[in-house]
Amino acid sequence: MNLTIRPKLELLKKELIEKIIEEAYIILEKQGVYVENIEALELFKEAGIRVDDETQRVFITSQLVEDSLSSTPSVIKLYDRSGDKEFIVGEDEVHFDPGSTAVTIIDHKTQEQRKALTEDLVKFTRLTDCLDHLHFQSTGIISSDVPEIISDSYRLYICLQFSEKPIVTGTFRVEGFKPMKDMLVAVRGSEKALEERPLAIFDACPSPALKWSNLTTQSLIDCARAGIPSELISMGMTGATSPVTIAGTLVQHVAENLCGLVICQLAKKGAPVIFGGSPSSFDMRKGTTPMGAIETMMIDSAYAQIAKHLNLPTHAYMGLSDAKINDSQAGLETGIGAVLAALSGINVISGPGMMDFESCQSLEKLVIDNEICGMAYRLIEGISQREDPIATNLFDGFTKETQFLSMPHTRKWYRQEHIFPRVIDRDTYDYWVSLGKKSMDDRASEEAEKILRENSPSLLDKNIFQELHKIMLSDARNNSFSALPEIKIGSSPKELIGS
Amino acid sequence: MLKGRSMNRKMRKEKLKKEKNTKERIVEKEKNRNKLNSKGENVSKEELLTKMKKSIIEGNKDEAKALAREAVEKHVDLNEAIDEGYVPGIQKVGDLWEEGEYFLPELITSAECMKAAMGVLKPELKKAQIKAKSLGKVVIGTVEGDIHDIGKSLVSSMLSANGFEVIDLGADVKLEKFIEMAEAEDADFICLSALLTTTMLGQKKFIELLKEKNLFGRFKIMVGGAPVNQKWADDISADGYAENAMTAVKEAKNLLRK
Ligand code: B12
């Protein structure tokens, strides 16, 4: 008999879950949702849904929501770049990936935020590729040395070249989808192969309250048809763009995401959808959207519980911080978030590395957060009975001198029962002094450099990369840019790709 | 038991004392009012102005509107009502915000009260052909391709509450539209908000467009939004930048002096 339990966090009583869903259904049907996309409006009409053409408002019946829910897969399989390694997105599987789409990066030397360059994006991608507890890659940073108009496809291009892991990404413009999909298809070999073995998830945000913009609706439709999983990122801000109470924001969250889910199913029955989000407890004093607030995490954990009740894969922006440097706030907010997310059994957890209200990435923080994720994984593994008896036999012949260090039992289990962090400090005081009294941030910076120095990048096959490069170049040219930045592959300046 | 009773008695005594105090105060107030009343309608005007200020501070929209109507009926100098009634109210609100007393819901509610009161007063000023005092006319919006409008609306509310005349074009606004509106309204400021690194480019394009149309220099251009900073504003030769809604008001006032 397996005596291990997986520790679990549940914030909502079943009755409250049902009440929230019921109110979301009422809103979808009575208030309706603005859907600013002609193609989606047509799909709704074909499904017999009342559409107000003038205001682009759709009134979604509970029946259609129910039908859509029943055709949505409860588990998605994602595959790495090689197509060999499979990741289950569903049930209580937990996968961490870096927080996505930062505008800036922390420069460790100056401790200041600055715009990121291609070189930073490459480092970030390679580092993520090497960090064990980050199962997925994300197109985490915008590089400022390419025209902003192509920044969505460009970050995917870099990611595919330098990492083996599945990717969380998304479009910034309607036209961005095609080159991005073409690159994914190029990696897989055919559209069918991509559909069978999805390699990337595309994020799409509704606009609170109760609106789906043209861009993100189009992303849902395009992804559904290509078999690419869409991650629905409702993001109410309590008291600003959604009701101020946590339960009230949950009602809106469920309504918005369900509308997105219906659009996906109308575009293609059985399309993979992940119930995600990036809501926040809006700070009424500062006008900011703290991701590290405990109330933000409560909303996340609760909507994930609702999504599980609906049998859907889940996602959240957790395990990140609003701190501006790698200080104790950075660690505490990330730590609490990652642990709560893991305990909530959220399938895709985007956050590591991220700070300053989802706007800044840090390589050092990424290294630190990787250890936090490791702790979270250890926690949800729970406590197991490894042997029978558990321990009585270890006390056979017990005397005052008995110690456990040299027991075969210790040797056998210590690496499985305990994890060994690399940058978390467990030195004695004197030894720490002798190492130069380094801060966590400094140790993490050294570790990041070491990882990048010692691991060669997991590069994409040369021929496939040539295809990607062609796609990227033509996207750039369509937007009247002819040259892409040169990319340094390894440490040698001679190893360059690009034009 | 005994102790309790004596306490009760003590409390009752205190209470009586308090009641007496308030009664005395009311009588005194009444006396004062009579005193002032002899000076004529001044009193009711002073009172009206005080109430106006209070309505803004407390965020009472119906009251703010009702007082504006009362001012119209009583033929109070409307510019005085604005300058000495409502504006001190919103200034106090700004102070309370900076002191950390007031949070956004109070700030925005007060700004909306201000707007509501102005909504009553402005048509009247126009009817009477009195020029409404304004620090300047502002055309504001979020640039095309960008639907983030929360920050923009905050800036817009605070500018208007602080005496600017604001024309808010909303979100996802075509660059040409800003120019059209600013020309038609003879605006002093154009404020562009952008939250995406892609749409931030629109701010740069906008200034190029102004140059193309030989309109550069005619309006003061302010830019803002999360990815925007002072350096970007300088790079694209915008006149002003602000990090949040309160500093946006300060920056706009600064630019007036330039
Ligand atoms: C809320 C939000 C949304 C909401 C917007 C709702 C709405 N009605 O506005 C929704 C869900 C719709 C949304 C959508 C998207 N978003 Co968004 N969003 C945010 C978020 C979390 C908060 C923005 C906000 O309202 N802040 C609160 C207000 C009060 O602050 P503020 O806007 O900065 O404004 C203040 C100042 O900047 C200043 N200010 C603002 N404007 C002006 C103008 C002037 C003249 C002046 C002087 C000052 C000034 O004063 C304001 C008040 O103090 C940010 C994260 C962030 N850190 O900003 C991401 C963020 C901006 N979004 C982002 C993205 C990518 C998107 C999407 C593309 C996602 C997608 N793929 O679906 C879409 C874009 C849709 C589109 N075409 O615009 C990215 C941008 C990344 C980038 N490099 O460009 C961010 C940074 C998040 C992230 N890291 O991923 N988003």
Side-chain angles (χ1 to χ4, degrees), chain A residues 34 36 101-104 112-116 141-155 170-176 205-209 211-217 235-242 244 280 282-289 356-360 479 481, chain B residues 59 93 96-111 142-158 170-172 193-205 224-232 235-236 242-249:
Chain A
Y34 292 101
E36 300 175 334
T101 326
V103 199
T104 56
E112 294 204 3
Q113 287 187 17
R114 59 168 172 81
K115 293 250 138 77
I141 316 182
I142 307 287
S143 5
S144 63
D145 51 357
V146 295
E148 331 239 343
I149 181 106
I150 54 166
S151 58
D152 53 1
S153 51
Y154 186 72
R155 55 187 193 151
T171 56
F172 294 160
R173 54 192 163 128
V174 171
E175 303 73 29
C205 315
S207 317
K211 193 164 87 184
W212 277 90
S213 71
N214 182 42
L215 166 68
T216 56
T217 308
M235 40 155 62
M237 295 145 69
T238 55
T241 60
S242 67
V244 77
S280 58
F282 190 68
D283 187 299
M284 292 297 185
R285 171 76 189 115
K286 307 282 183 185
T288 50
T289 53
D356 192 10
F357 315 106
E358 293 185 7
S359 73
C360 176
N479 289 287
F481 295 99
Chain B
V93 169
L96 288 169
W97 157 268
E98 287 193 352
E99 286 159 20
E101 267 314 302
Y102 268 17
F103 287 16
L104 280 175
E106 289 88 1
L107 196 67
I108 298 299
T109 310
S110 293
T142 308
V143 299
E144 56 190 320
D146 197 330
I147 57 165
H148 295 87
D149 68 352
I150 298 162
K152 182 270 306 159
S153 301
L154 273 177
V155 174
S156 151
S157 299
M158 287 324 292
D172 194 8
S193 179
L195 267 280
L196 297 168
T197 39
T198 43
T199 55
M200 198 172 107
L201 277 187
Q203 298 177 333
K204 186 172 171 209
K205 248 201 239 156
V228 179
N229 56 23
Q230 185 64 54
K231 184 173 176 298
W232 170 254
D235 285 353
I236 64 170
E243 203 184 354
N244 62 47
M246 294 303 286
T247 49
V249 173

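Just so we're on the same page: letters track the sequence lines, and every chain starts at 1. Heavy-atom basis, side chains included; hydrogens, waters and symmetry copies ignored.
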Fill in the blank from the handout: Interatomic distance, CD1@B:Ile236 vs CH2@B:Trp232, rounded to 0.5 Å, equals 5.5 Å
Problem - Rounded distance (nearest 0.5 Å) linking atom CH2 of B:Trp97 with atom CD of B:Glu99 - result: 13.0 Å
Practice task
Could you have a look at B:Ala245, B:Gly145, B:Ala226, B:Gly100 and say which one has the most heavy-atom pairs with chain A under 4.5 angstrom?
Solution key: B:Gly100
Exercise for the section: Would you please name every residue forming a salt bridge (charged side-chain N to carboxylate O under 4.0 Å, His left out) with B:Glu98, sequence neighbours left out? Expected result: B:Lys250
Completion exercise
The interface call for A:Asp283 against chain B, heavy-atom contacts under 4.5 Å, is backbone
Exercise for the section: Sort A:Ser359 into side chain, backbone, both or neither according to what part of it lies under 4.5 angstrom from a heavy atom of chain B. Expected result: neither
Practice task
Could you look at A:Phe357 and say if it's the side chain, the backbone, both or neither that has a heavy atom under 4.5 Å from chain B?
Solution key: neither
Handout entry: Proximity breakdown for B:Met200 and chain A, heavy-atom pairs closer than 4.5 Å
Key = side chain
Practice task
State the CZ-CD1 distance between A:Arg173 and A:Ile149, to the nearest 0.5 angstrom.
Solution key: 6.0 Å
Handout entry: Residue B:Gln230 excluded, over 12 heavy atoms near CD under 6.0 Å
Key = yes
Completion exercise
For residues 148-158 of chain B against chain A, heavy atoms under 4.5 Å, the residues are B:Ile150
Exercise for the section: Return the set of residues passing salt bridge (charged side-chain N to carboxylate O under 4.0 Å, His left out) with A:Glu148 (not counting sequence neighbours), or none when no residue passes. Expected result: none
Handout entry: Residue part contacting chain B, namely of A:Ile142, when any heavy atom lies under 4.5 Å
Key = side chain
Practice task
Name the region of A:Thr241, side chain, backbone, both or neither, that has any atom closer than 4.5 Å to a heavy atom of chain B.
Solution key: side chain
Completion exercise
With sequence neighbours left out, the residues meeting salt bridge (charged side-chain N to carboxylate O under 4.0 Å, His left out) with A:Arg285 are none
Completion exercise
The reported gap from CZ in A:Phe172 to OG1 in A:Thr216 (rounded to nearest 0.5 angstrom) is 13.0 Å
Handout entry: Side chains of A:Arg114 and A:Ser144, donor plus acceptor under 3.5 Å
Key = no
Handout entry: Side chain, backbone, both or neither of A:Lys115 within contact of chain B (heavy atoms, under 4.5 Å)
Key = side chain
Practice task
Could you tell me whether the side chain of A:Thr217 reaches within less than 4.5 Å of the side chain of A:Trp212, counting heavy atoms only?
Solution key: yes
